[in-house]
Number of protein chains: 2
Amino acid sequence: MDASFLYHISKASGCGLDKELKEDYSNIMKLSNYTKIFKALSNEQRLKIFMMIYKNCCSPEGSKIGAGIRIKGESCCPVGGSMEKAFTKICDCMNLSRSTVSHHFKELQNAGLITCEREGQVYRCRVNKDVIDSIKDFMK
Amino acid sequence: MDASFLYHISKASGCGLDKELKEDYSNIMKLSNYTKIFKALSNEQRLKIFMMIYKNCCSPEGSKIGAGIRIKGESCCPVGGSMEKAFTKICDCMNLSRSTVSHHFKELQNAGLITCEREGQVYRCRVNKDVIDSIKDFMK
DNA sequence: CTTAGTATTCTAAAACAATCGAACCTCAGG
DNA sequence: CCTGAGGTTCGATTGTTTTAGAATACTAAG
């Protein structure tokens, strides 16, 4: 569990980690970052959403996250890229209202798992692999 | 992660899935199994408890789970063994009532993360490493 | 048999999370 | 300027989680 992890998370989740904390990072601080991630993945709908994004953004050959999860229609971007129209496409294959999906997106962003941006009508969405790595690292 | 898993996901998410994938789904690792595990780890108190158990039961050299978390007094069992008096010791260093700690233990057991057994007054507790491996595997 | 220690179960309160529909905002095209 | 498509925010509802305390049960020791 290292400081770089904290940096990524705090950056991604926008929860600003100040200098002192990076130096002397308390267990509480560290733990809450992990619990945030676990919480984001602890809801079945949200996990599905995350897997769809993962699958469409960065699923390499043999990757398991997102395996078997399809977005209606074909993938919209090359592996490794960001996913366009993520929101609309995911709404189309989830049985949830748009406001609920919006909420789940925000939770995933808040945990630092994904990054989203809108440019006019283009909604782009990207998986933050560093965070996934940090979980794997945590599990070592 | 096997085809059965895929079946469940696609079924649950309402997304298309090829026929051949539906075939065998006997060894199910459902999506809900993963959310269960993530949920168990999504509470800060519970994650702390889990880390203490991990740290005291099976922390190998270089392991990160449980790093920095200490149970008052010295470790109660050799590395790799089960942790005795886990309940009492953890109660002693958490600021929670016994009933709450008991509840958290049950959640961890329910997620399959730990196994506990009582033999008379000896409460033995052990981390289920397979589950941790399955998470790492999931994250691949 | 009584007492102290250990853990669980039950109940209830408070806090939190998931979800929807409605209202809203923003941009692109007629 | 109007309209529609794509997202977000708000408020309400319903369900779940966290937590403590009291009652209970088991066991070891006196």
Side-chain angles (χ1 to χ4, degrees), chain A residues 14 28 31-32 35-50 52-53 71-73 76 82-111 114-126, chain B residues 12-14 31-32 35-50 52-53 71-73 76 82-111 113-126:
Chain A
I28 305 301
L31 280 186
S32 68
T35 54
K36 227 186 208 172
I37 295 168
F38 290 135
K39 186 164 285 169
L41 299 175
S42 76
N43 174 277
E44 204 163 321
Q45 309 304 321
R46 211 150 47 214
L47 182 55
K48 254 179 248 166
I49 291 174
F50 178 67
M52 286 192 234
I53 297 170
I71 288 195
K72 275 176 189 159
C76 49
S82 63
M83 180 179 174
E84 290 187 16
K85 300 228 179 194
F87 189 88
T88 304
K89 294 195 175 191
I90 285 173
C91 279
D92 286 351
C93 48
M94 299 288 297
N95 232 346
L96 294 173
S97 71
R98 306 196 138 225
S99 58
T100 302
V101 173
S102 180
H103 165 71
H104 286 319
F105 265 79
K106 215 163 9 174
E107 292 290 307
L108 290 171
Q109 287 178 79
N110 198 247
I114 63 173
T115 313
C116 300
E117 54 184 20
R118 268 172 96 179
E119 254 181 58
Q121 237 141 337
V122 182
Y123 190 97
R124 242 182 242 100
C125 186
R126 188 183 291 279
Chain B
S13 64
L31 200 53
S32 64
T35 53
K36 227 187 212 170
I37 295 168
F38 291 135
K39 186 164 286 168
L41 300 176
S42 75
N43 175 278
E44 204 164 321
Q45 309 306 321
R46 211 150 47 215
L47 182 54
K48 247 182 250 171
I49 291 174
F50 178 67
M52 287 191 234
I53 298 171
I71 290 192
K72 276 176 189 157
C76 48
S82 64
M83 181 180 174
E84 290 186 18
K85 299 230 179 192
F87 189 86
T88 303
K89 293 195 175 190
I90 285 173
C91 281
D92 286 351
C93 49
M94 300 286 300
N95 231 347
L96 294 172
S97 71
R98 306 198 137 225
S99 60
T100 301
V101 173
S102 180
H103 163 73
H104 286 319
F105 265 78
K106 213 165 10 175
E107 293 289 307
L108 290 171
Q109 287 178 80
N110 198 247
L113 284 161
I114 62 173
T115 313
C116 301
E117 54 183 20
R118 269 171 94 178
E119 253 182 60
Q121 235 143 339
V122 182
Y123 191 97
R124 240 181 244 101
C125 186
R126 187 181 292 279

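Just so we're on the same page: letters track the sequence lines, and every chain starts at 1. In this text the structure is predicted, and so the values were computed from the model without any measurement.
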Could you report the tightest heavy-atom contact between B/Ala111 and B/Ile37, atom names first, then the distance? O-CG1, 3.6 Å

For atom CD1 of B/Ile49 and atom C1' of D/dT19, their distance in whole Å: 12 Å

If you restrict it to nitrogen or oxygen atoms, what contacts under 3.5 Å exist between nucleotides 28-30 of chain D and the protein, and what is each distance?
unit_1 : atom_1 : unit_2   : atom_2 : d
D/dA28 : O4'    : B/Gln121 : OE1    : 3.1

Interatomic distance where CG belongs to B/Asn110 and P belongs to D/dT17 [whole Å]: 10 Å

Under 4.0 Å between any heavy atoms, over every strand shown, what does B/Gln45 touch: base, sugar-phosphate, or nothing? Just pick one. sugar-phosphate

What is the minimum heavy-atom distance between A/Arg98 and A/Phe87, and which atoms define it? O-CZ, 3.5 Å

Got a second to check how far B/His103's NE2 is from B/Leu96's CG, nearest 0.5 Å? 10.5 Å

Round to a whole Å and report the spacing from NZ of A/Lys89 to P of D/dA5. 18 Å

Does B/Asn43 put a side-chain nitrogen or oxygen below 4.0 Å from OP1 or OP2 of D/dT17? no

Spacing of B/Ile90 atom CD1 and B/Phe50 atom CZ [to the nearest 0.5 Å]: 11.0 Å

What heavy-atom pair brings A/Leu41 and B/Phe38 nearest, and what distance separates the two atoms? O-CD1, 3.3 Å

Excluding sequence neighbours, so at least two apart, what forms side-chain hydrogen bond (donor to acceptor under 3.5 Å, both in side chains) with B/Ser97? B/Ser99, B/Thr100

Identify each atom pair where a protein N or O and an N or O of nucleotides 8-12 of chain D are less than 3.5 Å apart, giving names and distance.
unit_1 : atom_1 : unit_2   : atom_2 : d
D/dT8  : OP2    : A/Ser102 : OG     : 2.9
D/dT9  : OP2    : A/Lys106 : NZ     : 2.9

Non-hydrogen atoms of A/Phe105 and A/Cys116 that approach each other most closely: CD2-SG, 3.9 Å

Can you name the nearest heavy-atom pair linking A/Met52 to A/Cys93, along with the distance? SD-SG, 3.8 Å

Where B/Ser32 and A/Glu44 come nearest, the two heavy atoms and their spacing: CB-OE1, 3.5 Å

One should read off an interatomic distance between B/Thr115 OG1 and B/Ile53 CD1, to the nearest 0.5 angstrom, of 10.0 Å

Sorted by chain and residue number, the salt bridge (charged side-chain N to carboxylate O under 4.0 Å, His left out) partners of A/Arg46 (sequence neighbours excluded) come out as none

Are any non-hydrogen side-chain atoms of A/Asn43 and A/His104 less than 4.5 angstrom apart? yes

Atom CE of B/Met94 to atom C1' of D/dT18: distance rounded to whole Å? 12 Å

Could you work out how much the helix from C/dC1-D/dG30 to C/dG30-D/dC1 bends, comparing the axis of its first five pairs with that of its last five, to 10°? 10°

Donor-acceptor contact present, side-chain A/Thr35 to main-chain A/Leu31, <3.5 Å: yes

What is the first contacted nucleotide of DNA chain C and what is the last, in 5' to 3' order, if contact means an atom lying under 4.0 angstrom from a heavy atom of chain A? C/dA17 to C/dA28

